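Computed from a prediction, not measured in an experiment: that's the story for all the values here. Counting starts at 1 for both ligands and their atoms, following the listed order.
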Amino acid sequence: MVRDATAEDAEAIASVHAAAWRDTYVGMLPEALIANFGYERVLPRWRERLPATPPQSILVWSEPVAGYAYSGPSRDGDPAHAGEVYAIYLTAERRGQGGGRALLAASAARLAAAGLASMVVWVLRDNHPARAFYERLGGRYVGARPLLWAGAEAAVEVAYGWADTAELRAPAPG
Ligand SMILES: CC(C)(COP(=O)(O)OP(=O)(O)OC[C@H]1O[C@@H](n2cnc3c(N)ncnc32)[C@H](O)[C@@H]1OP(=O)(O)O)[C@@H](O)C(=O)NCCC(=O)NCCS
């Protein structure tokens with residue numbers, strides 16, 4: 001159900017990205033920032049990124065595409081967390097069906113294959129459903145910082161880390 005995204009997936013990923021940003025972040029981030037992540041604005045960025053080359057990976061889940069994850073080397077250079085999942089988003093209708101777990105596990109596997117066996121994710125402090133998801137999948141709270149984006153300095157993001165993603169990468173029992 002999870003596969004590497006190709007250049008042909010750019011539109012589907014942009015569509016999931018824009019819709020998920022709106023339904024997840026309204027009320028959490030300023031409207032002007034959310035508007036910056038509309039479909040027409042994000043599509044060219046996905047066209048540039050695809051296809052991803054290791055150590056980056058862009059994975060999609062389900063057909064038609066109902067979610068994606070984007071990962072690569074940690075952006076803050078923390079040696080304890082060499083890899084990072086930069087983004088993981090599902091369409092609202094397909095949440096809670098195992099897609100997020102499959103995408104996070106597969107992203108961790110891609111990172112490990114590229115020599116990055118530890119991992120971090122940053123998530124808005126107020127995004128409680130996503131935080132519960134990372135905690136359920138073994139992420140340990142690492143710390144907090146203000147969001148670095150212009151116009152959203154009031155928002156705080158928190159990090160969850162995996163010192164070793166081996167357990168996360170292992171197939172679910174049963
Ligand atoms: C966060 C997100 C990626 C999780 O994916 P998902 O497919 O909904 O989650 P899964 O069905 O794979 O759940 C995996 C596990 O986490 C648990 N979980 C998921 N969401 C949860 C929640 N809100 N509260 C408690 N547990 C939760 C599930 O119960 C499951 O555990 P189980 O296997 O023991 O039952 C998805 O819901 C999403 O796209 N949300 C909106 C966008 C977003 O916030 N992205 C993260 C930005 S940092």
Side-chain angles (χ1 to χ4, degrees), residues 1-3 5 9 12-31 33-39 41-42 45-46 49 56-76 78 81 83-111 119-149 152 154-162 165-174:
M1 284 282 252
V2 172
R3 62 171 173 82
D9 294 309
I13 292 174
S15 171
V16 173
H17 182 170
W21 255 71
R22 183 149 289 285
D23 72 56
T24 303
Y25 296 133
V26 166
M28 255 187 255
L29 290 175
E31 174 56 32
L33 185 68
I34 295 172
N36 241 332
F37 288 84
Y39 178 80
R41 303 289 289 270
V42 299
R45 295 181 222 161
W46 289 111
R49 287 179 191 135
Q56 292 206 343
S57 86
I58 300 173
L59 303 173
V60 289
W61 173 70
S62 198
E63 306 289 345
V65 169
Y68 70 91
Y70 176 29
S71 63
S74 159
R75 288 171 293 186
D76 54 24
D78 175 1
H81 301 113
E84 177 173 351
V85 174
Y86 309 134
I88 177 167
Y89 290 98
L90 270 60
T91 59
E93 314 78 59
R94 299 296 307 280
R95 290 173 198 158
Q97 300 172 14
R101 179 191 285 274
L103 281 167
L104 198 73
S107 298
R110 287 293 196 285
L111 289 170
M119 186 175 95
V120 69
V121 298
W122 287 92
V123 54
L124 281 185
R125 183 188 57 196
D126 296 345
N127 188 355
H128 297 290
R131 291 183 62 176
F133 165 74
Y134 295 128
E135 286 166 11
R136 179 77 187 111
L137 294 186
R140 296 282 163 83
Y141 181 87
V142 177
R145 70 182 179 198
L147 205 60
L148 302 175
W149 287 332
V156 172
E157 56 182 351
V158 298
Y160 285 91
W162 288 257
T165 56
E167 200 176 323
L168 177 63
R169 284 180 268 131

On a heavy-atom basis, which atom in I88 and which in G100 lie closest, and how many Å separate them?
CD1-O, 3.6 Å
Hey, are E135 and Y141 close enough side-chain-wise for a donor-acceptor pair under 3.5 Å?
no
Main-chain N/O of L90 paired with R95 side-chain donor or acceptor, under 3.5 Å:
yes
In short, L168 meets A108 closest at the heavy-atom pair CD2-CB, 3.9 Å
Under 4.0 Å from atom 29 (O) of ligand 1, can you find at least one protein heavy atom?
no
Answer yes or no: does an N/O atom from G98 fall short of 3.5 Å to an N/O atom of ligand 1?
yes
Sub-4.0 Å atoms of ligand 1 with respect to non-hydrogen atoms of A130:
44 (O), 46 (C)
Which is closest to atom 42 (C) of ligand 1 in terms of heavy atoms, Y89, Y160, Y134?
Y89
For ligand 1, indicate whether the residue N127 contacts it via side chain, backbone, both or neither (heavy-atom separation under 4.0 Å).
side chain
Please indicate, with yes or no, if any protein heavy atom is found under 4.0 Å from atom 10 (P) of ligand 1?
yes
Would you please classify the geometry between the W21 ring and the Y25 ring as parallel, tilted or perpendicular, with 30° and 60° separating the classes?
perpendicular
Option set G96, A87, A66, criterion heavy-atom distance to atom 6 (P) of ligand 1, minimum:
G96
Is a donor on one side and an acceptor on the other found under 3.5 Å between the side chain of W162 and the backbone of E167?
no
Nearest-option assignment for atom 26 (N) of ligand 1, heavy atoms, candidates G67, P129, A132:
A132
Would one find an N or O of G100, backbone or side chain, under 3.5 Å from an N or O of ligand 1?
yes
N/O separation below 3.5 Å, T24 to ligand 1:
no
Record the part of Q97 in heavy-atom contact with ligand 1 below 4.0 Å; permitted values are side chain, backbone, both and neither.
backbone
If only atom types and distance count, is the side chain of Y86 paired as donor or acceptor with the main-chain N or O of P73 below 3.5 Å?
yes
Kindly confirm or rule out a cation-pi arrangement of R145 over W122, judged by NZ or CZ under 6.0 Å from the six-membered ring centre and within 45° of its axis?
yes
Sub-3.5 Å N/O-N/O distance, R101 and ligand 1:
yes
Considering the heavy atoms of G99, write down every atom of ligand 1 situated less than 4.0 Å from one of them.
7 (O), 12 (O)
In the protein, which heavy atom is nearest to atom 46 (C) of ligand 1, and how far is it?
I88 O, 3.4 Å
Is atom 22 (C) of ligand 1 touching the protein, meaning some protein heavy atom lies under 4.0 Å away?
yes
Using a 3.5 Å distance criterion without hydrogens, assess whether the side chain of R131 forms a donor-acceptor pair with backbone atoms of R125.
yes
For atom 47 (C) of ligand 1, which of Y25, F133, W21, W122 has the closest heavy atom?
Y25
If you measure every N or O of L90 against every N or O of ligand 1, does any of those distances drop under 3.5 Å?
yes
For V123, atoms of ligand 1 separated by under 4.0 Å from a heavy atom
48 (S)
Nearest 0.5 Å please: distance from the CG atom of L103 over to the CD1 atom of I58.
12.0 Å
Worked check of side chain to side chain donor-acceptor pair (under 3.5 Å) between S71 and R110
CA-CA 8 Å; S71 63; R110 287 293 196 285; over 6 Å; no
Atom 34 (O) of ligand 1: of H17, E135, R131, R136, the nearest heavy atom sits on R136
Does the plane of the ring in Y68 sit parallel, tilted or perpendicular to the ring in Y89? Use 30° and 60° as the thresholds.
tilted
